[in-house]
*Asks:* 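So that we are looking at the same thing, I have put the structure below in structure tokens.
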Amino acid sequence: MAISNKGVLKAVEDFLGRVLGKPDEDPLATITADQLHIVLRSIEDKYNLLQDENRRLREKIEEQQRMIEDLRRV
């Protein structure tokens, strides 16, 4: 059984692609579990920062609303 040059070339390209991290048909095939963990952790950290900022801004708004109410009473 003879192997065509194109078949060998394709097999070598596929092998080198996997070794060098070249994306294949599945774009997620080259993402390692560690990389995914890092990305998800970064997203979680940014989400927590946004929640903290949102909480701080709400408190600031409430404080300003109290000041407005105090000024209206005067």
*Asks:* Assess the residue pair His37 and Leu40 against the criterion (side chain to side chain contact (heavy atoms under 4.5 Å, CB included)); give the C-alpha distance rounded to whole Å, side-chain angles, the decisive distance to 0.1 Å, and a yes or no.
*Replies:* CA-CA 5 Å; His37 178 74; Leu40 292 176; 5.9 Å; no
*Asks:* Output the distance between atom CD (Glu69) and atom CG (Leu71), rounded to the nearest 0.5 Å.
*Replies:* 9.5 Å
*Asks:* Name every donor-acceptor pair, under 3.5 Å, that has one atom in a side chain of residues 49-62 and the other anywhere in the protein, sequence neighbours excluded.
*Replies:*
| from | atom 1 | to | atom 2 | distance (Å) |
| --- | --- | --- | --- | --- |
| Gln51 | NE2 | Tyr47 | OH | 3.0 |
| Asp52 | OD1 | Arg55 | NH1 | 2.9 |
| Glu53 | OE1 | Arg56 | NE | 3.3 |
| Glu53 | OE2 | Arg56 | NH2 | 2.8 |

*Asks:* Under the rule for salt bridge (Lys or Arg N to Asp or Glu O under 4.0 Å), what residues qualify as partners of Glu63, not counting sequence neighbours?
*Replies:* none
*Asks:* With sequence neighbours excluded, what pairs up with Ile38 under the side-chain contact (heavy atoms from CB on, under 4.5 Å) test?
*Replies:* none
